[in-house]
Amino acid sequence: MGRTYLVEEGIGQYLTELSTKVKPYVTGLLIGQCSPQRDYVIRAVRTPPKEQQQQEESLGPPKLASLDEEWITTHASQVSRMLPGGLLVLGVFMIATPELAKDGQNALRKLIFSVEKSLSKRRLWKPAEEEVSDRAALQICSATKKVVCRTYDVQDPKSSAKPADWKYQNALTASWVALGCTVNVNIHIPLLATSPNHDLEKNTKNGLNRWSKQIEDSVFLINGQVKDEDTELLEGQKKFRGNTQPSTQISDVKVLTQLCQGASPRSTATVQVCSGSINLRGAVKCRAYIHSNKPKVKEAIQALKRDIINTLSDRCEILFEDLILNEGPQKKIDICPVTDSPSDTQQAQLTKATLLLKLQQNMGLVVAAAVAVLASIFSFNYFSD
């Protein structure tokens, strides 16, 4: 028995419009949420067209072999950055003419594994063993409108296609649960002087890895209470009856981080010579959404934890990308090693001071951007009346 995908009804209309306007093929991403019983698809996002691709199609007959895999995976990474907790890239869709349909599944399979590989590289958390690892490959014929949905297990490179049910449903997210929290961030990341080349991005990621473990081990209070992970999130809450219109239920969450990371009373201190440091300070406002089909407390907390970690990690990535663009492709975001020449030494110190100053000046904006992006872009119409 394959997986069942419950799909927001508006997605069907969106895909139908694409099939009539775009020829000979178009690809895109499926956004939604996994659960043990079924998966939910709440958005479909078309891959932005590329000028080079349009020129190639005008020169000769189209072929799926010309799909720009890197362009599609880059789009998936950018979309993933903007998603709130609980939502992820569930799969890939393709609308193609009958002439290209026979090669559609092979192309979709390749894209699914490429997208998953790209997204997993950025994660600071590891998927749970019991977590759903199936991703959807949706193929639609632009002529007959026939819909074929299959899934692939992205944890198994040799995975074969499995059939899946694709069912439309109106107001799919009307009664979903929203969880919100604010986490104060104060992370100190040293830059070791013993390293021949101080890669700011690598050092920052190492520091964020240590911080993410603290978030994973934190205690989460939902509406002021510590709840057992295996209990239902909505246990004890009233259900809607009659003509009462359901609406998104918002829960306030407090995050309590542990003061001591180590479980052992004994620890070993290490003294290292550092040439500088990175300080990440601010407040990160996060939100996660959970389906209303008997969700467990464990699912809700996991979604919020990942949103906290992803939010700060993604903003740091954006910062480094911005520095690369501003400094130019000929320069790297590294601190050059000190040489014996006095002029070279002064130049290296000046470069280090400038980069650290930029980092400190921009980090407040980055954290603020995290709040603004999550508050403005993803005030989903799905989650309001």
Side-chain angles (χ1 to χ4, degrees), residues 3-8 11 29-45 76-77 79-91 116 119-120 122-128 130-136 169 171-183 212 215-216 218 220 222-223 227 229-234 237 246-255 284-314 370-371 373-384:
R3 294 194 65 79
T4 297
Y5 288 87
L6 296 183
V7 187
E8 178 62 43
I11 293 178
L29 306 173
L30 301 172
I31 309 300
Q33 185 173 109
C34 294
S35 76
Q37 293 81 17
R38 58 181 67 90
D39 295 338
Y40 305 87
V41 182
I42 67 169
R43 282 284 176 92
V45 184
S77 296
V79 170
S80 180
R81 281 175 173 176
M82 296 187 291
L83 296 177
L87 299 183
L88 71 157
V89 177
L90 274 182
E116 184 63 25
L119 296 179
S120 61
R122 300 170 43 250
R123 293 173 185 157
L124 297 182
W125 45 267
K126 294 182 179 179
E130 68 277 7
E131 199 162 336
V132 177
S133 57
D134 287 347
R135 296 294 180 264
Q169 183 175 320
L172 183 64
T173 60
S175 58
W176 278 27
V177 182
L179 300 97
C181 72
T182 300
V183 178
S212 67
I215 298 298
E216 292 282 1
S218 298
F220 284 67
I222 302 178
N223 293 329
K227 296 188 177 182
E229 290 187 345
D230 294 326
T231 60
E232 290 186 16
L233 181 64
L234 302 177
Q237 297 186 17
S247 60
T248 302
Q249 304 175 57
I250 302 177
S251 298
D252 180 63
V253 179
K254 301 294 183 185
V255 182
V284 181
K285 189 174 182 64
C286 299
R287 176 163 288 194
Y289 295 93
I290 301 296
H291 62 87
S292 55
N293 183 33
K294 298 181 178 179
K296 300 290 185 180
V297 171
K298 182 179 181 179
E299 296 177 61
I301 293 178
Q302 183 186 75
L304 199 55
K305 281 181 180 179
R306 291 179 178 178
D307 189 50
I308 295 170
I309 296 171
N310 289 344
T311 297
L312 191 57
S313 174
D314 289 343
V371 179
V373 168
L374 291 175
S376 61
I377 296 182
F378 286 98
S379 296
F380 285 118
N381 294 328
Y382 290 103
F383 305 111
S384 60

Trainee: What closest approach, in Å, do W176 and S292 show between heavy atoms, and which atom pair accounts for it?
Mentor: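 Closest approach of W176 to S292: CD1-N, 4.0 Å.
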
Trainee: May I ask you to decide whether R306 forms a salt bridge with E131, counting only side-chain N to carboxylate O separations under 4.0 Å?
Mentor: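 Between E131 and R306 there is a salt bridge, with a charged N closer than 4.0 Å to a carboxylate O.
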
Trainee: Under a 4.5 Å cut-off applied to non-hydrogen side-chain atoms, are K305 and V255 in contact?
Mentor: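 Heavy-atom side-chain distance check fails, nothing below 4.5 Å.
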
Trainee: Rounded to the nearest 0.5 Å, how far apart are CD of E216 and CD1 of I301?
Mentor: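 The CD atom of E216 sits 11.5 Å away from the CD1 atom of I301.
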
Trainee: Tell me which one of L304, D252, L233 satisfies side-chain contact (heavy atoms from CB on, under 4.5 Å) with I222.
Mentor: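 Among the candidates, only L233 passes.
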
Trainee: Using only atom types and a distance under 3.5 Å, with no angle test, would you say the side chain of Q33 pairs donor to acceptor with the backbone of Y40?
Mentor: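 It does not hold such a pair.
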
Trainee: Nearest 0.5 Å, what's the CZ-CD1 distance between R43 and I11?
Mentor: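 R43 CZ to I11 CD1: 8.5 Å, rounded to 0.5 Å.
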
Trainee: Decide yes or no for D307 and I309: does some side-chain heavy atom of the first lie under 4.5 Å from some side-chain heavy atom of the second?
Mentor: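 SC-SC contact between D307 and I309 ruled out.
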
Trainee: Where do D314 and R122 land on the side-chain contact (heavy atoms from CB on, under 4.5 Å) test, with the steps shown first?
Mentor: CA-CA 8 Å; D314 289 343; R122 300 170 43 250; 2.6 Å; yes

Trainee: Keeping the roles fixed (side chain from K296, backbone from D230), state whether a donor-acceptor pair exists under 3.5 Å.
Mentor: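 Confirmed, K296 side chain pairs with D230 backbone.
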
Trainee: Given side chains that start at C-beta, do those of Q37 and T4 come closer than 4.5 Å, heavy atoms only?
Mentor: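 When only atoms from C-beta onward are counted, T4 and Q37 do not touch, as no gap falls below 4.5 Å.
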
Trainee: Quick one: does any side-chain atom of N223 pair with a main-chain N or O of S251 as donor and acceptor, under 3.5 Å?
Mentor: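 Such a contact is absent between N223 side chain and S251 backbone.
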
Trainee: Quick one: pull up CD1 in I308 and SG in C286 and give me the separation to the nearest 0.5 Å.
Mentor: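 Rounded to the nearest 0.5 Å, the CD1-SG separation comes to 5.0 Å.
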
Trainee: To the nearest 0.5 Å, what is the distance between NE2 on H291 and CD1 on I42?
Mentor: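 Output value for this atom pair is 12.5 Å.
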
Trainee: Testing the basics here: between C34 and L90, what is the closest heavy-atom pair and its distance to 0.1 Å?
Mentor: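 Heavy-atom minimum between the residues: SG-CD2, 3.1 Å.
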
Trainee: Salt-bridge test for E116 and R123: reply yes if a basic N is under 4.0 Å from a carboxylate O, no otherwise.
Mentor: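 So E116 pairs with R123 through a salt bridge.
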
Trainee: Report the distance from atom NZ of K294 to atom CG of L234, rounding to the nearest 0.5 Å.
Mentor: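 Result: 11.0 Å between the selected atoms.
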
Trainee: So, taking the atom named OG1 in T231 and the one named NZ in K298, what distance separates them when rounded to the nearest 0.5 Å?
Mentor: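 Rounded to the nearest 0.5 Å, the OG1-NZ separation comes out at 12.5 Å.
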
Trainee: Check for a donor-acceptor pair, side chain of S80 on one end and backbone N or O of A76 on the other, with a separation under 3.5 Å.
Mentor: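 Looks like no, no N/O pair under 3.5 Å.
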
Trainee: Measuring only between side-chain heavy atoms, which start at C-beta, is W125 closer than 4.5 Å to S212?
Mentor: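 Result no, sub-4.5 Å side-chain heavy-atom pair not found.
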
Trainee: For a 4.5 angstrom cut-off between non-hydrogen side-chain atoms, does I31 reach E8?
Mentor: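 The answer is no; the side chains never approach within 4.5 Å.
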
Trainee: Tell me the closest heavy-atom pair linking I290 and P295, and the distance in Å.
Mentor: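 So the minimum-distance heavy-atom pair works out to CG2-CB, 3.4 Å.
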
Trainee: Which heavy atom of V41 sits nearest to which heavy atom of Y5, and what is that distance?
Mentor: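 Heavy atoms only, the tightest pair is CG2-CD2, 3.9 Å.
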
Trainee: Go through the steps to decide whether R135 and L88 satisfy the test side-chain contact (heavy atoms from CB on, under 4.5 Å), and finish with yes or no.
Mentor: CA-CA 11 Å; R135 296 294 180 264; L88 71 157; 3.5 Å; yes

Trainee: Do you know which two heavy atoms are closest between G86 and A288, and how far apart they sit?
Mentor: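 The pair with the smallest heavy-atom distance is N-CB, 4.5 Å.
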
Trainee: With a 4.5 Å cut-off on side-chain heavy atoms, are L179 and F220 touching?
Mentor: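 Sidechains of L179 and F220: no contact.
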
